[in-house]
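Protein chains get the first letters and strands the later ones, always in sequence-line order, with residue 1 at the start of each.
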There are 2 protein chains.
Amino acid sequence: MSRTTLDTAALAHDLRLAVMRFSRRLRNQRVDHSVTLTHLAALSTLKRNGPMSPGELAAQERVQPPSMTRVVVALEGMGLVTRTPHPTDGRQVIIDLTQTAEDLLTEEARAREAWLSGQLQSLTPEERTVLREAAEIMEKLAGG
Amino acid sequence: MSRTTLDTAALAHDLRLAVMRFSRRLRNQRVDHSVTLTHLAALSTLKRNGPMSPGELAAQERVQPPSMTRVVVALEGMGLVTRTPHPTDGRQVIIDLTQTAEDLLTEEARAREAWLSGQLQSLTPEERTVLREAAEIMEKLAGG
DNA sequence: TATTGTTATACTCTATAACTATA
DNA sequence: TATAGTTATAGAGTATAACAATA
């Protein structure tokens with residue numbers, strides 16, 4: 001095994017543990033328990049990329065369609081998204097945010113990400129740059 | 001709000017989504033379904049840091065003690081760890097790896113991390129350096 | 001009284017398989 | 001037939017609360 005291969009194996013190991021522990025920490029940091037992190041992630045994606053079908057949303061979030069169905073049903077029940085029929089394709093549905101969700105996201109941007117934002121503020125600018133670049137790379141790996 | 005504060009909020013948002021999607025991808029990448037990623041993480045920690053109590057293991061993995069109890073029970077049932085009484089403190093238990101687990105970890109280092117290692121190999125050395133540094137920072141944030 | 005670990009219980013997250021409706 | 005979405009079902013992962021044993 002080459003030097004690079006060994007290093008890569010070690011990195012794979014360390015990165016896996018770090019991501020698992022960090023994501024646990026993020027989930028546990030919830031304060032408002034009515035909207036979960038998974039729900040919030042879906043809402044954030046809708047906010048960022050606009051209305052879309054459940055299938056498209058599932059693909060973006062890297063989950064299977066049935067998993068997204070559950071999320072959408074829950075969000076609709078909370079009045080955070082609407083489901084409207086696709087104008088031309090009767091099989092499809094378009095998911096969109098309600099004003100309540102828009103307001104919630106604005107609030108969340110302040111409240112729910114407070115812990116993480118605070119933690120990030122305590123880092124050096126160089127460390128934040130590393131995380132910013134790492135976020136892009138992880139998105140690439142998640143989608144590839 | 002200062003420029004740095006705004007940037008940090010955006011980073012918090014992007015980093016959260018990236019970590020969630022990446023960790024989903026890692027979980028789904030399982031091939032051998034007998035040992036889950038959570039189990040493997042606990043075994044890896046024992047391998048790296050040696051025998052320890054369930055409480056200590058829970059703390060290292062950033063989960064609550066009852067959650068770790070379930071993991072340990074499952075691992076003991078599979079013959080991957082042993083539970084022996086602490087020599088002086090009757091309340092405590094020491095969890096240690098069996099030879100089977102050692103062998104499994106050796107195999108996993110090759111097999112289960114193959115996907116991630118392969119992905120990492122396809123990155124540039126600079127990108128790997130970013131992830132290596134990011135892993136350290138995320139561990140710090142997870143523990144802080 | 002404090003600490004360690006476990007049991008009991010419940011909720012979140014996600015998946016696969018099977019079904020319905022539309023194209 | 002193929003595609004989009006949903007329902008049914010199940011399993012993994014985690015938590016809080018209450019309990020038992022030991023210090």
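For the segment residues 65-73 of chain B, residues with any heavy atom less than 4.0 angstrom from an atom of DNA chain C are, sorted by number, B:Pro65, B:Pro66, B:Thr69, B:Arg70. Residues from residues 77-92 of chain A that place a heavy atom under 4.0 Å from any atom of DNA chain D, listed by number: A:Arg83, A:Arg91, A:Gln92. Applying a 4.0 Å cut-off to non-hydrogen atoms, the residues of residues 47-55 of chain A that approach DNA chain D are A:Ser53, A:Pro54, A:Gly55, listed by residue number.
The two residues B:Ile95 and B:Ser53 make their nearest non-hydrogen contact at CG1-C, 4.3 Å. Of all heavy-atom pairs spanning A:Thr98 and A:Gly79, the tightest one is OG1-O, 2.8 Å. Nearest heavy-atom pair across B:Met138 and A:Val19 is CE-CG2, 4.0 Å.
Legend: residues meeting side chain to side chain donor-acceptor pair (under 3.5 Å) with A:Arg24, ordered by chain and number and at least two apart, are B:Glu61. Every residue meeting the side chain to side chain contact (heavy atoms under 4.5 Å, CB included) condition with B:Glu133, not counting sequence neighbours, appears here in chain and number order: A:Val130, B:Thr129. Evaluation of the side chain to side chain donor-acceptor pair (under 3.5 Å) rule for A:Thr84 yields no partner, not counting sequence neighbours.
With B:Val81 as the fixed residue, the side chain to side chain contact (heavy atoms under 4.5 Å, CB included) test singles out one of B:Leu75, B:Thr100, B:Ile94: B:Leu75.
For the OP1/OP2 pair of C:dC13 and a distance below 4.0 Å, the side-chain nitrogens and oxygens of B:Arg24 include no atom meeting the criterion.
Rounding to whole angstrom units, CG of residue B:Leu57 and P of C:dG5 are separated by 10 Å. Atom pair A:Gln64:CD and D:dA8:C1' shows a separation of 16 Å (rounding to whole Å applied).
Among the nucleotides D:dT14, D:dG13, C:dT14, the one closest to any side-chain atom of A:Thr38 is C:dT14.
A:Arg128 contributes a side-chain N or O that, together with a main-chain N or O of A:Leu123, makes up a donor-acceptor pair within less than 3.5 Å.
Side-chain atoms of A:Thr38 and A:Arg27, non-hydrogen and from C-beta on, do get closer than 4.5 Å to each other.
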